[in-house]
Amino acid sequence: CCSTNLEPIRQNTAHGLEQESNRAAANSPTLRQLLGTLKLVNDGYSVKFYKKNKNLKFDDVVEVDGILLNHNVVVINEVKNSPSLKNVAKCANRGLLFECLLRKIAATPDDYRTEPKAVRDELVKWMTDAQSPAVELMMSGYYFSTVAQKECRARSIHPFAM
């Protein structure tokens, strides 16, 4: 009985951390210098992606903790309270998945949907308008060990310690 009562609290805490991290990243002078001014997608909340199956229903593909973008780059942010080396490895793989997903969404937008719905159209527009679209990865966290930050850099992931 008690564990089900805690679930909404855990979800709210996770969403709060995601939004706080994404907003901090959007306002970071360091990231601005590296990538340019970034705009939050979905006000810094996570985004879920779905693909249409042969039964014309939608299957889960991936959930991204945060998306930021400007005219040249889209940044996906994976948020963990205390990022581990395993989290860093997963983030690198998610980056490849997300790049592929963006191309497929741009090519056949009706086969995909997002929650919230407007994000799909925003990303399709970005893919169409971007001068040379690039995907960057970022991992954020409060308790970010130097070892995990070093591994992020080795995998071309921007570590963002809050």
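Below, all heavy atoms of this structure are taken into account, side chains as well, without hydrogens, waters or symmetry copies.
Each of Y50 and L101 belongs to its own hydrophobic cluster when Ile, Leu, Val, Met, Phe, Trp and Tyr are linked at side-chain heavy-atom distances under 4.5 angstrom. No chain of hydrophobic side-chain contacts below 4.5 Å, direct or via other Ile, Leu, Val, Met, Phe, Trp or Tyr residues, connects V73 to L102. A chain of hydrophobic side-chain contacts below 4.5 Å, direct or via other Ile, Leu, Val, Met, Phe, Trp or Tyr residues, connects V62 to M127. L96 and V61 end up in different hydrophobic clusters when Ile, Leu, Val, Met, Phe, Trp and Tyr side chains are linked at under 4.5 Å. Residue M139 is grouped with residue L97 when hydrophobic side chains (ILVMFWY) are merged at heavy-atom distances under 4.5 angstrom, including chains of intermediate members.
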(message) If you apply the rule side-chain contact (heavy atoms from CB on, under 4.5 Å), what do you find for F98 with V64, and how did you get there?
(response) CA-CA 9 Å; F98 191 74; V64 177; 4.0 Å; yes

(request) Take S46 and D65, measure what side-chain hydrogen bond (donor to acceptor under 3.5 Å, both in side chains) needs, and give me the verdict at the end. (result) CA-CA 4 Å; S46 64; D65 292 338; 5.7 Å; no

(message) Run the side-chain contact (heavy atoms from CB on, under 4.5 Å) test on N22 and Y45 for me, step by step, so that the C-alpha distance in whole Å, both residues' side-chain angles and the decisive distance to 0.1 Å come before the verdict.
(response) CA-CA 8 Å; N22 291 315; Y45 288 106; over 6 Å; no

(message) Test side-chain hydrogen bond (donor to acceptor under 3.5 Å, both in side chains) on E20 and Y142; report intermediate values, then the result.
(response) CA-CA 11 Å; E20 181 181 353; Y142 278 117; 2.5 Å; yes

(request) In sequence, state the C-alpha distance, the side-chain angles, and the governing distance for V75 and L35, and then conclude on side-chain contact (heavy atoms from CB on, under 4.5 Å). (result) CA-CA 9 Å; V75 179; L35 303 172; 3.8 Å; yes

(request) Might you work through the side-chain contact (heavy atoms from CB on, under 4.5 Å) test for L68 and V41, ending with a clear yes or no? (result) CA-CA 6 Å; L68 302 95; V41 172; over 6 Å; no

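Counting only heavy atoms from C-beta outward, the side chains of K104 and D111 never approach each other to under 4.5 Å. Counting only heavy atoms from C-beta outward, the side chains of R120 and I105 approach each other to under 4.5 Å. At least one side-chain heavy atom of P159 sits under 4.5 Å from a side-chain heavy atom of F144.
I76 CD1 to C91 SG: the interatomic distance, rounded to the nearest 0.5 Å, is 6.0 Å. How far OG of S21 is from NZ of K80: 11.5 Å, rounded to the nearest 0.5 Å. A distance of 6.5 Å separates OG in S145 from CG in L85, rounded to the nearest 0.5 Å. Put simply, CG on L34 and NE2 on H158 are 6.0 Å apart, with the number rounded to the nearest 0.5 Å. With values rounded to the nearest 0.5 angstrom, M138 atom CE is found 7.5 Å from L38 atom CG. Rounded to the nearest 0.5 Å, atoms CG (D121) and CH2 (W126) are 15.5 Å apart.
For the side chain to side chain contact (heavy atoms under 4.5 Å, CB included) test with F49, the passing option among L123, D60, D59 is L123; the others fail.
Between the side chain of N53 and the main chain of N55, a donor-acceptor pair closer than 3.5 Å is present. The backbone N or O of D110 lies less than 3.5 Å from no partner atom in the side chain of T108, so there is not a single donor-acceptor pair.
Between I157 and A92 the shortest heavy-atom distance is CD1-N, 3.9 Å. The two residues A106 and V124 have their closest heavy-atom pair at CA-CG2, 4.3 Å. Between S140 and N77, the shortest heavy-atom distance links the atoms OG-OD1, 2.8 Å.
Checked against the 6.0 Å centroid criterion, the rings of Y112 and F58 do not qualify as a close aromatic pair.
Side chains of N70 and T37: a donor-acceptor N/O pair is absent below 3.5 angstrom, by distance only.
Screening residues 90-102 for side-chain hydrogen bond (donor to acceptor under 3.5 Å, both in side chains) gives E78-R94 as the qualifying pairs, with residues at least two apart or on separate chains.
Heavy atoms from other residues, nucleotides or ligands lying under 6.0 Å from NZ of K52 number more than 12.
Taking the salt bridge (charged side-chain N to carboxylate O under 4.0 Å, His left out) definition, one finds that R23 meets it with D43, sequence neighbours left out.
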